[in-house]
Amino acid sequence: MELKRVMVVMGTRPEAIKLCPLVRELRKRGKTEVSVLSTGQHRAMLDSAMEAFSVRADFDLDAMRTGQSSATLASRVLKHADEIFEAEKPEIVIVQGDTTSAYAAAASAFYRKIPVAHVEAGLRTYHMDAPFPEEYHRRAIALMSTYHFAPTVTAKKNLLREGIPERSVFITGNTVVDALRITLNEKKPAKPWHFPKNRRVILFTAHRKENLGANLAGMFCALRRIVRENTDVVAICPLHHNPEVRSAAKAILCGEKRIVMMEPPEIVSFHHLLPHCYLILTDSGGIQEEAVSLGIPTVVMRYSTERSEGMRAGSLRLCGSAEEGIVTVANRLLAKDCEEYASMKKPSAVFGDGRACARIADVLEKL
Ligand code: UDP
């Protein structure tokens with residue numbers, strides 16, 4: 001029997017983290033022929049995440065250039081993915097989430113009438129400018145996709161409201177929970193994390209495009225105030241590779257004794273850091289899901305989230321992107337014997353049970 005040819009496209013760190021477990025699952029089953037196309041959008045962070053799951057690119061567009069606009073990146077991926085699709089003739093193209101890579105690769109496949117399968121379909125804030133340009137990408141990918149793997153019931157409802165036929169939507173859970181299972185249960189970080197017992201660890205990450213500039217500076221100022229005002233706190237601050245993020249962080253946080261700026265830990269190390277964290281402050285999407293799965297109280301430095309399930313589950317608090325709001329919410333949660341904090345500290349499976357990849361593979365094999 002001839003195997004179905006599936007091509008999985010990934011370009012950024014979160015796509016690799018959320019798709020490599022699926023590549024592993026499909027390969028383990030041996031019922032499909034899986035190839036991986038890397039766009040290289042986040043060169044270093046992508047490669048390190050793929051390596052953690054022992055997945056290699058079969059094709060690499062290496063499409064990222066310094067200072068390149070999103071439109072130029074999209075056009076490069078659109079063109080070169082098309083050449084690969086023409087040569088390789090995949091029967092299904094799998095994309096994940098809402099990046100420029102996912103959007104452009106989906107469009108390439110769509111023009112060739114190759115069915116697109118969208119992993120993590122149906123996330124919406126209904127604000128076109130937050131996250132920007134991801135909210136547009138995810139809606140556009142839905143229009144071009146034949147199969148929609150929705151992580152939650154809410155995501156499925158969003159798709160149905162937009163007129164996507166119900167028979168093409170499958171609720172699977174989020175593959176990030178599968179990734180967490182693999183990294184925490186099967187792998188050890190190269191260097192274990194150690195923190196003094198009398199310190200509470202805050203993890204801080206900020207990188208969203210729409211926050212670059214004044215908002216981002218405000219976020220780093222907020223972190224500096226929170227750490228100065230809570231003397232038993234130490235903050236871990238991995239710096240995203242975007243140069244604007246790095247220069248803002250260094251300008252504001254340099255010299256702060258209890259704030260540790262560092263290169264972004266690779267995924268195994270990062271996941272092993274999470275259970276040490278007392279509180280997370282982030283504008284990331286994936287970290288919200290991981291925090292909810294592990295029950296780590298998290299302050300989301302945004303005005304809206306496409307992960308409202310995490311708010312209902314209890315571990316997430318939205319505080320906006322302005323300095324004052326972030327400091328107020330974080331300080332409230334850091335106060336001794338805070339009942340609100342205690343109520344947020346419970347793991348939840350709203351984003352998945354670690355079997356999302358198996359469900360997606362089941363569907364793909366039956367098509
Ligand atoms: N992550 C990581 N190292 C870091 C920061 C984040 O491995 O220093 C992982 C994190 O566990 C999550 C993913 O990267 O799975 C989130 O990526 P990011 O915040 O860049 O993108 P988003 O999820 O907002 O699209």
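This one's a predicted model, so the numbers in the text were calculated from it and none came from an experiment. In listed order, ligands and their atoms are each counted from 1.
- With values rounded to the nearest 0.5 angstrom, N198 atom CG is found 11.0 Å from R200 atom CZ.
- Taking the charged nitrogens against the carboxylate oxygens, D82 and R112 do have a contact shorter than 4.0 Å, which makes a salt bridge.
- Those atoms of ligand 1 with a heavy atom of I17 less than 4.0 angstrom away are 9 (C), 13 (C), 14 (O), 15 (O).
- Of the polar atoms of R208, at least one N or O is found under 3.5 Å from an N or O of ligand 1, judged by distance alone.
- At least one N or O atom of S284, backbone or side chain, sits closer than 3.5 Å to an N or O atom of ligand 1.
- Where the criterion is an N or O separation shorter than 3.5 Å, residue side chain and backbone included, V176 fails it with respect to ligand 1.
- Taking every non-hydrogen atom of H271 and a distance limit under 4.0 Å, the qualifying atoms of ligand 1 come out as 11 (O).
- If you check which protein heavy atom lies closest to atom 25 (O) of ligand 1, you get P14 CG, 3.6 Å.
- For atom 24 (O) of ligand 1, the closest heavy atom belonging to the protein is G285 N, 2.8 Å.
- Distances between N or O atoms of G286 and those of ligand 1 include at least one value under 3.5 Å.
- For a threshold of 3.5 Å applied to N or O pairs, the pair formed by R13 and ligand 1 contains at least one separation below that value.
- Inclusion of P265 in the set of residues having an N or O under 3.5 Å from an N or O of ligand 1 is warranted.
- Nearest protein heavy-atom contact of atom 7 (O) of ligand 1 is I267 CD1, 3.4 Å.
- Under a 4.0 Å criterion applied to the non-hydrogen atoms of P238, ligand 1 contributes the atoms 8 (O).
- Heavy-atom distances between E289 and ligand 1 stay at or above 4.0 Å for every pair.
- Annotation: atom 15 (O) of ligand 1 to nearest protein heavy atom, E290 OE2, 2.5 Å.
- For E134, no heavy-atom contact with ligand 1 is shorter than 4.0 Å.
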